[in-house]
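Contents: one structure, followed by commentary.
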Amino acid sequence: MKNITEIKNIFNIEETIDLANTLDAGQSFMWQDISKREKIIFEGYFEDIKLHLEQKLNYICVTVFSDNYDGNFSSRLQKYLGKPLNKIQGFEVLLKDKIISPVIKKYPGLRILRQDPWEATIGFITSSCSNLPRIKKHMTQLRNVTGGIFPKPEDILYLGEDDLRKLGFGFRSPYIINAAEIILNENLSFDHLEKVPYEIALNDLLNIHGVGRKIADCILAYSLDKKDSFPVDRHVLSGLIKWYGLPKKTNPVFASNFARKKFGYLSSYAQQYIFHRQRLASRALLWGGKHRSFAIDNDIS
DNA sequence: GTCCAGGGTGAAA
DNA sequence: TTTCACCCTGGA
């Protein structure tokens, strides 16, 4: 049913951002691809306000379905959308990497998001041993339970494990409860994690039951701006083995430490590009194949 | 319809 | 250090 009281506000973000590969390729599970015909549009929420982001050549057209936002909304949204690699000091090092360099040239508009850490934590706990469509479905359902506003830790506890299981979270349900408890008991503060170095933030996150190294690294990289985090999932692991000479049976923690040492503060970008290369390689679409990217090559070429 | 595997983790061998 | 169960569902 169409909501006749729906208010639309439109503004543009005058920057090149590759929406599809930034919002809808594993960093976030909060965006739905609602593209039709030639238009690339993603629907999602920022600060619990419903948005449409439409991919234009050199900018993003933002439609806000609310009147309830302030003058700094746009700049906070820009911060959420992160920075392109070429705005990171010393990024040229990655151009010298034979594996990463061609992917950078293909996807210069790929960014690292700065999501809300609480939402990211729930999202990545949910991602464990699941797949993209299902994770997104769960995240959407969870948001809908609380009327379009993403549930706070207290809402999660109010829901309880049984209701989470009914929503389909399965064995991840108690993990989500535990995350909420740890936040409410003030044993973990995301504001604090943002300020401390990677290692300390990592150890704090590992206290959440159901958060291991991979999920912690995702939270650190994609919501807490820890650019020296390098999440290793099965795809990235096989990429590292295939392209960087790691032994066949390397475990993910060793691989992550190896990559962090190699890429330093460019780790999260390096990881995304290796992930994309592996993702495309596995679909045999990399060179010359059809793919969805409306990124415009500006000053990286 | 049935079968399998999916961006992992924690506990038990 | 290695193996296994854990929930559930999209896609073959």
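Fair warning: this is a prediction, and the values are worked out from it, not measured in the lab. Chain naming here is simple, since letters A, B, ... match the order of the sequence lines and numbering starts at 1 in each.
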Scan A:Ala216 against the nucleic acid and name what it touches under 4.0 Å (heavy atoms): base, sugar-phosphate only, or nothing.
nothing
C1' atom, C:dT9 versus B:dG10: distance in rounded Å?
23 Å
How close or far is atom C1' of B:dG8 from atom OH of A:Tyr175, stated in whole angstroms?
8 Å
Is the ring centre of A:Phe171 under 5.5 Å from the base ring centre of C:dC7, and are the two planes under 30° apart, so that they stack?
no
Using whole Å, report how far CD of A:Gln141 lies from C1' of C:dC7.
14 Å
For A:His52 and A:Phe65, I'd like to know if the aromatic rings sit close, meaning centre-to-centre distance below 6.0 Å.
yes
Considering heavy-atom distances to DNA chain B, does A:Gln27 or A:Ile208 have its closest nucleotide positioned more toward the 5' end?
A:Gln27
Gap between atoms CG and P, on A:Leu142 and C:dC7 respectively (whole Å):
18 Å
Using whole Å, what does the distance between atom P of nucleotide B:dA11 and atom CG of A:Leu206 come to?
13 Å
What is the distance, to the nearest angstrom, from the CG atom on A:Leu132 to the C1' atom on B:dG8?
15 Å
Can you tell me the pairing partner of C:dC7 across any strand shown, Watson-Crick or G-U wobble, with both distances under 3.5 angstrom?
none
Using a 6.0 Å distance limit plus a 45 degree cone around the ring axis, check whether A:Arg260 lies over the aromatic ring of A:Tyr198.
yes
Hey, which of these two, A:Asn131 or A:Gly210, hits DNA chain B nearer its 5' end, going by closest nucleotide?
A:Asn131
If you check the A:Arg234 side chain, which of B:dT9, B:dG6, C:dT9 turns out closest?
B:dG6
Do A:Arg172 and C:dC7 have a side chain to base donor-acceptor pair shorter than 3.5 Å?
yes
Under 4.0 Å, heavy atoms only, any strand: does A:Val232 hit a base, just the sugar-phosphate, or nothing?
nothing
For A:Phe169 and A:Pro133, find the nucleotide of DNA chain C closest to each by heavy atoms; which residue's nucleotide sits nearer the 5' end?
A:Phe169
Residues in contact with DNA chain C, drawn from residues 247-255 of chain A - heavy-atom cutoff 4.0 Å:
none
Using a 4.0 Å heavy-atom cut-off across all strands, classify A:Phe275 as base, sugar-phosphate, or nothing.
base
For residues A:Asp33 and A:Ser35, is any side-chain donor paired with an opposing acceptor at under 3.5 Å?
yes
Would you sort out whether A:Ile49 and A:Ser66 count as a side-chain contact (heavy atoms from CB on, under 4.5 Å), showing the intermediate values?
CA-CA 7 Å; A:Ile49 291 173; A:Ser66 170; 3.7 Å; yes
Passes side-chain contact (heavy atoms from CB on, under 4.5 Å), A:Trp243 versus A:Gln278? Steps please.
CA-CA 10 Å; A:Trp243 295 314; A:Gln278 173 62 22; 3.6 Å; yes
Taking the six-membered ring for Trp, are the ring centroids of A:Phe46 and A:Phe73 within less than 6.0 Å of each other?
yes
Kindly state whether the ring of A:Phe230 and the ring of A:Phe258 have centres lying under 6.0 angstrom apart.
no
In this structure, how many angstroms lie between the P atom of C:dG10 and the CZ atom of A:Arg134, rounded?
8 Å
Check whether any side-chain N or O of A:Arg165 sits under 4.0 Å from OP1 or OP2 of C:dC7, and answer yes or no.
yes
Separation of A:Ile135 atom CD1 from C:dC7 atom P, in whole Å?
18 Å
Could you give the distance separating C:dC7 and B:dT2 at their P atoms, to the nearest angstrom?
23 Å
Nearest to the A:Lys214 side chain among C:dG10, B:dG8, B:dG6, which nucleotide is it?
B:dG8
Looking at A:His209, I'd like to know whether one of its side-chain N or O atoms comes within less than 4.0 Å of OP1 or OP2 on B:dA11.
yes
Quick one, A:Asp163 with A:Leu167, criterion side-chain contact (heavy atoms from CB on, under 4.5 Å). Give me CA distance, side-chain angles, the key distance, then yes/no.
CA-CA 6 Å; A:Asp163 281 359; A:Leu167 286 169; 5.6 Å; no
Protein-nucleotide distance (A:Lys137, atom NZ; C:dG11, atom P), rounded to Å
11 Å
